[in-house]
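Here's the structure, in structure tokens; my notes come after.
Below, all heavy atoms of this structure are taken into account, side chains as well, without hydrogens, waters or symmetry copies. What you see is a predicted model; the values in this text were computed from it and never measured. Counting convention: from 1, in listed order, for ligands and their atoms alike.
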Amino acid sequence: MSAVKLAIVYYSATGTVRSMAERLAATGTSAGAEVRLRQVTRRPSGGEEQATQAQQAEAGQGHEGVTSDDIVWADAVLFGSPTRYGNVAGQLKVFIDSLGSEWGQGLLADKVYAGFTSTSTQHGGQETTLLALYNTIYHFGGILVPPGYTDPSKFVDGNPYGVSHVAVESEPIGDVTTTALDHLVQRVVRIAGKLNG
Ligand SMILES: Cc1cc2nc3c(=O)[nH]c(=O)nc-3n(C[C@H](O)[C@H](O)[C@H](O)COP(=O)(O)O)c2cc1C
């Protein structure tokens, strides 16, 4: 049986979602998946975010830019976005909206999908962001694999919709979020492996 092909596709302006994506990639690789870790590189219009991304690139913290081929290639896709007013960041949405041709050819269907997000406040829209992202997955004909409460650790991080983190300035993402990310990616790889047969 061939390895599950896992694409982790994220947008991050200040690094939290990037840290989450990197953890998913490391654990996904340990779980036996072939991983593509990709970022949305489109520059946001805000000058401050532009500067942040440029600094990250300079520090070698960026990852290869995502293309439609990464989604078509994958058996499973994890999308990550910071909350923007309780919604998916426009940068990730612009990438998703560029996939119309692949959608029209049915190339986005029958894959496993799930999401991860980050906010600056506890009730700042984590669940709404994930649910907004998942609207798209239904249109893809994707197979949503949310974590639910399928592990005791889910009663600790408390988000059955995906993985979410409340970012505290320059602090690492910490054990609760890391455990939730590990659980999500292990579950996604396991279920995508079953679908691969
Ligand atoms: C335009 C804008 C809108 C935001 N909206 C929210 C929001 O609705 N709720 C919230 O808690 N945080 C909000 N934030 C904060 C970010 O979602 C949060 O800092 C996130 O952790 C950043 O992730 P990143 O470090 O990967 O960029 C917003 C930030 C910006 C720039």
Looking only at distances, can you tell me whether any N or O atom of A167, backbone or side chain, sits closer than 3.5 Å to an N or O atom of ligand 1? no
Identify, by atom number and element, the atoms of ligand 1 in contact range of T121, meaning under 4.0 Å from any of its heavy atoms. 10 (C), 11 (O)
Pick out which of T117, T119, N159 makes a side-chain hydrogen bond (donor to acceptor under 3.5 Å, both in side chains) with Q126. T119
By ring pair (Phe, Tyr, Trp, His ring centres under 6.0 Å) - contacts of Y134 (at least two apart): none
Contact (N/O only, under 3.5 Å) between R18 and ligand 1: no
Nearest heavy atom to atom 21 (O) of ligand 1, choosing from S19, P82, S81, S118, belongs to S118
So which residues get pulled into V156's cluster when ILVMFWY side chains under 4.5 Å apart are joined, directly or through others? V176
Could you tell me, atom by atom, which parts of ligand 1 come under 4.0 Å of a heavy atom of T83? 4 (C), 5 (N), 6 (C), 7 (C), 8 (O), 9 (N), 13 (C), 14 (N), 16 (C), 17 (O), 28 (C)
Say whether S68 and E102, considering side chains only, have a donor N or O and an acceptor N or O under 3.5 Å apart. yes
Going by the angle between their ring planes, with limits at 30° and 60°, are Y113 and F79 parallel, tilted or perpendicular? parallel
Looking only at side chains, do H63 and T41 share a donor and an acceptor under 3.5 Å apart? no
Determine whether the side chains of D151 and S153 contain a donor N or O and an acceptor N or O closer than 3.5 Å. yes
With nothing but distance in play, are any N or O atoms of A13 less than 3.5 Å from an N or O of ligand 1? yes
Check ligand 1 against S12 and write out every atom of the ligand that is under 4.0 Å from a heavy-atom position of the residue. 24 (P), 25 (O), 26 (O), 27 (O)
Between the side chains of T129 and T83, is a donor N or O closer than 3.5 angstrom to an acceptor N or O? yes
Do any N/O atoms on Y11 end up under 3.5 angstrom from N/O atoms on ligand 1? no
N/O to N/O below 3.5 Å, does that happen between G86 and ligand 1? yes
Just to be sure I'm reading this right: ignoring hydrogens, which of Q126, R84, M20, Q122 gets closest to atom 30 (C) of ligand 1? Compare them by their nearest heavy atoms. R84
What do you reckon, does G15 put a non-hydrogen atom under 4.0 Å from ligand 1? yes
